[in-house]
Q: 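If you scroll down you'll find the structure; I have some questions about it.
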Amino acid sequence: MTLFEQKSNEFISRHIGPNEAETKSMLTTIGVSSIDDLISKTVPASIRMNHELNIPAAMSEHEYLKHIKEISLKNKVYANYIGQGYYDTIIPSVILRNIFENPGWYTQYTPYQAEISQGRLESLLNFQTMVSDLTGLPIANASLLDEATAAAEAMTMFFNFLNRQDHVERPKFFVDTDVFPQTKDVLLTRALPVGIEVIEASYKNAMPDSSWFGAIVQYPNDKGSIEDYREFVSKVHAAGAYVAMSTDLLALTLLTSPGELGADVAVGSAQRFGVPIGYGGPHAAFFAARDEFKRNIPGRIIGVSIDAYGNRALRMALQTREQHIKREKATSNICTAQALLANMAAMYAVYHGPAGLKNIAKRVATLTQTVAESIEQRGFELVSQNFFDTIVVKTGELAAIKAKAERQQINLRYIDSNHIGISLDETTGIDDLYDLINCFENDKDPVAFDIEQDEDLQHIPVSLKRHSPFLTHPVFNTHHSESQMMRYIKMLENKDLSLNTSMISLGSCTMKLNAASEMIPLSWAHWSKIHPFVPKDQAEGYETIVSELSKYLCEITAFDACSLQPNSGAQGEYAGLLTIKRYHESRGDKNRNVMLIPISAHGTNPASAVMAGMKVVVVKALENGYIDIEDLKAKAQQYSAILSGIMITYPSTYGVYEETVKEITAIIHQHGGQVYMDGANMNAQVGLTAPGLIGADVCHLNLHKTFAIPHGGGGPGMGPICVKKHLADHLPGHINEDVSGNNAGSKKLKALYLLRLMDRPVSC
Ligand SMILES: Cc1ncc(COP(=O)(O)O)c(C=O)c1O
């Protein structure tokens, strides 16, 4: 190897632990002569990949950083006023440096072992307390994947609470017209397979009856309007149904809480609490509910307990990993969520405290009021006079305003040809208002004018002003200096085991690498400040990454097309199963709904299958953990006419590469089924074999397990799916994908399965 080749190979030697002598000693201990010998004895020859992966040669870390910087510069950082659930935010430097950029926080695994996780458990408990206080609801979970998924979880929780699995008396779910469009799409996607009927109308004219099980409204709504839902909530309750409110934590510092308005559940995104927009995620969603739902809340809940010595101790409690116990009776498949981002949001609240948060909210509201009044003075009309940070302007001059905004590198939200949305955030300063207001000046060039500030917030209705206290716990009222905050973060970090303490010997699926070089670009503005709904030509860097990554994942899996949308492995399962379902339906096979699942499968597999409207039939395992082929054959035969497919994990959860895998996939195909491969153990396949080589049709990859996404104490997750050619047309799409980045004239191309805003399906 030349000196220069050595440089490119440096990454491997820096990040793969065992040296030559140690490797030799391990091989001798298990009685094999070399790594090749070990592989040939464990990976069946019939499924071995007999070529090198066709992906570019490795770079050195220095070259990589230069490369990723160049790509980032293809993204354009404009001033964003698009809103729609995503707002710029100021990450306090003490949190950026000590959490976001600190392996003591981003390399931790899911806190199953409470004794080595008290630090991150306390931070997640802070997240729950913050959400519970602000929403006015007594119990909250430790984060979900995104706002839209959280809304869908609320819908299915209500549905299952009021209906029995075999007897649906209340099929209807009401969605107010002014819920965010992306949330509506995910609700529709999740509703269809399980037989929920979604009705969309204005809450003002709604007539709830006994066919409803629930409803959702947005507070403040999609157009920024602050509506009083009290009467609507009473009507829904009188009909025996429940209400979820999608809401905004910053607005709630000034507004009466959903709990006080009568809501049963509140959901939303905690992104604007110090988490970068990053072209749409990952961000922590939140979910809070009334006490009666405590055994039905999706995701993880951190509880206060006592240890063996009687001391206060924290642990995951209640619905933890509910799929593992309830399996096909589980009502949610959420496993990995967004722990790292939830920790950042919680620390943002700890650092600012209740008064600090209120000040931020007041500043945003004051500037929004200033913009609104200035625009009205220029002859425009607003859709609502009650608002916090978002206004919608009625106009017949959209094209001229848009042209002027673009000249000033400003993105507004072009809702349709007559409406423009403007959302402010904590990064907006008084100076920015001149450019913004100038877009509405009846003049081609910017003109000079004065701005009058009025700190008396006149657009928050008196009847909806917040009077109840929040964040009264000492943790939110102590750590307001940088030194104190730094010490608090360090104190929690020191209680935990992370990769900066030692190796963590948990199962194969979680053993992964987070090189510092892979993490560094995340905080660069050209990646972190891009709004998910910017025009495509402002996000060319992201598009490059999306198409390159999709291509590499197709090569690694031996598949033909890829969607990066799912936010976790379990969401990948769900998206993959819907892809299979749509494929069968497209061929007129509408009754294929039986999914065979080995008894040894991870709990999310049966949970996802039920969510996709499938019936789970369990396949037995032999004593050595192998799938029982005779049982499989019998069941495939029995359900042949209605077989949708099988879900297998490879290598299995016992860690074995079953030689029978090709026979298994052939049996399923003979009976017209499709093969879903759970890719959680993909670590053990890359470069040696591939899902496409074992006969699978679709698989997910947990990028937080096999590739570079940090595990972060239980998230962020990322579960892209790859498929064979015949399934490519059935991959998820996105409501905004056909409109060059803004939603003027948006029309839906495909049903949206799941929400991961940055990505569109890519054929490779
Ligand atoms: C075998 C297997 N399948 C699926 C999943 C679910 O993936 P995620 O936690 O990313 O939703 C896991 C995660 O623990 C797993 O180990």
Side-chain angles (χ1 to χ4, degrees), residues 108-113 141-146 149-150 153 281-282 284-285 298-300 316 319-325 327-328 330 332-342 504 506-512 564-577 595 597-612 616 621 625 627 646-658 676-685 691 696 698-721 753-756:
Q108 299 153 342
Y109 291 172
T110 304
Y112 294 126
Q113 289 165 278
N141 71 12
S143 83
L144 286 182
L145 296 167
D146 54 58
T149 312
E153 291 289 337
R300 297 168 175 148
M316 292 208 284
Q319 286 298 300
T320 304
R321 309 278 284 188
E322 80 146 27
Q323 321 90 18
H324 290 285
I325 301 156
R327 301 183 72 83
E328 68 271 17
S332 160
N333 67 346
I334 300 284
C335 180
T336 286
Q338 306 284 20
L340 179 68
L341 302 318
I504 307 171
L506 275 177
S508 66
C509 67
T510 37
M511 288 187 183
K512 64 181 300 292
L564 300 183
Q565 289 209 28
N567 260 339
S568 72
Q571 300 309 92
E573 293 166 21
Y574 180 66
L577 293 176
M595 191 50 68
I597 300 186
I599 184 109
S600 56
H602 191 265
T604 51
N605 290 189
S608 301
V610 171
M611 280 167 53
V616 174
I627 292 174
I646 191 169
M647 294 182 88
I648 51 169
T649 303
Y650 203 76
S652 72
T653 37
Y654 290 76
V656 236
Y657 299 87
E658 292 167 71
Y676 183 94
M677 198 210 81
D678 180 321
N681 297 343
M682 195 65 200
N683 265 336
Q685 283 197 42
V698 46
C699 75
H700 77 254
L701 298 156
N702 308 56
L703 298 196
H704 48 295
K705 294 180 172 189
T706 308
F707 296 93
I709 304 234
H711 213 278
M718 172 92 193
I721 52 172
Y753 298 151
L754 289 157
L755 192 75
R756 171 99 193 158

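All of these numbers come straight from a predicted model, not from anything done at the bench. Sequential numbering from 1 along the given sequence is applied to the chain's residues. Counting starts at 1 for both ligands and their atoms, in listed order.
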Q: Please report the shortest heavy-atom distance between P566 and G572, naming the atom on each side.
A: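 Minimum heavy-atom separation between P566 and G572: CB-N, 3.4 Å.
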Q: Mind telling me whether Y676 and H700 have parallel, tilted or perpendicular rings, with 30° and 60° as the class edges?
A: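 Plane angle between 30° and 60°, so tilted.
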Q: Please report the shortest heavy-atom distance between H704 and P710, naming the atom on each side.
A: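 That closest heavy-atom pairing would be CB-O, 4.3 Å.
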Q: Any idea which atoms of ligand 1 are less than 4.0 Å away from a heavy-atom of A680?
A: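 The list of qualifying atoms is 1 (C), 2 (C), 3 (N), 15 (C), 16 (O).
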Q: Any chance the side chains of Q338 and S143 put a donor and an acceptor closer than 3.5 Å?
A: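 On atom types as modelled, these side chains do not qualify, holding no pair under 3.5 Å.
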Q: Looking only at N/O atoms, are G569 and ligand 1 under 3.5 Å apart anywhere?
A: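 N/O-N/O distance below 3.5 Å exists for this pair.
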Q: Heavy atoms only: which of H700, K705, M647, H704 is nearest to atom 16 (O) of ligand 1?
A: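 Among H700, K705, M647, H704, the closest heavy atom to atom 16 (O) of ligand 1 belongs to K705.
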Q: Please confirm whether the backbone N or O of A684 pairs with a side-chain atom of Y657, one donor and one acceptor, at under 3.5 Å?
A: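 Between the backbone of A684 and the side chain of Y657 there is a qualifying donor-acceptor contact (under 3.5 Å).
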Q: Which atoms from ligand 1 have a heavy atom of N702 less than 4.0 Å away?
A: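 So the answer, numbered in order with elements, is 7 (O), 8 (P), 10 (O).
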Q: In chain order, what residues pass the side chain to side chain donor-acceptor pair (under 3.5 Å) check against S608, with sequence neighbours excluded?
A: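 Testing S608 for side chain to side chain donor-acceptor pair (under 3.5 Å), a comparison that skips the adjacent residues, returns N333, E573.
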Q: With backbone taken as N, CA, C and O and side chain as the heavy atoms from C-beta onward, which portion of D678 lies under 4.0 Å from ligand 1: side chain, backbone, both, or neither?
A: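 Answer for D678: side chain.
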Q: With sequence neighbours excluded, tell me which residues meet side chain to side chain donor-acceptor pair (under 3.5 Å) with N141.
A: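 Result, side chain to side chain donor-acceptor pair (under 3.5 Å) vs N141: none returned.
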Q: Any heavy atom of Q571 sitting closer than 4.0 Å to ligand 1?
A: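 Contact absent.
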Q: Suppose I only count heavy atoms of E573 and a 4.0 Å limit; which atoms of ligand 1 are within that range?
A: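 Counting from 1, the qualifying ligand atoms are 3 (N), 4 (C).
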Q: Should T649 be counted as touching ligand 1, given the test is an N or O pair under 3.5 Å?
A: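 Min N/O separation from ligand 1 is not below 3.5 Å for T649.
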Q: Geometry only, no angles: is A570 polar-contacting ligand 1 at N/O separations under 3.5 Å?
A: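 N/O-N/O distance below 3.5 Å exists for this pair.
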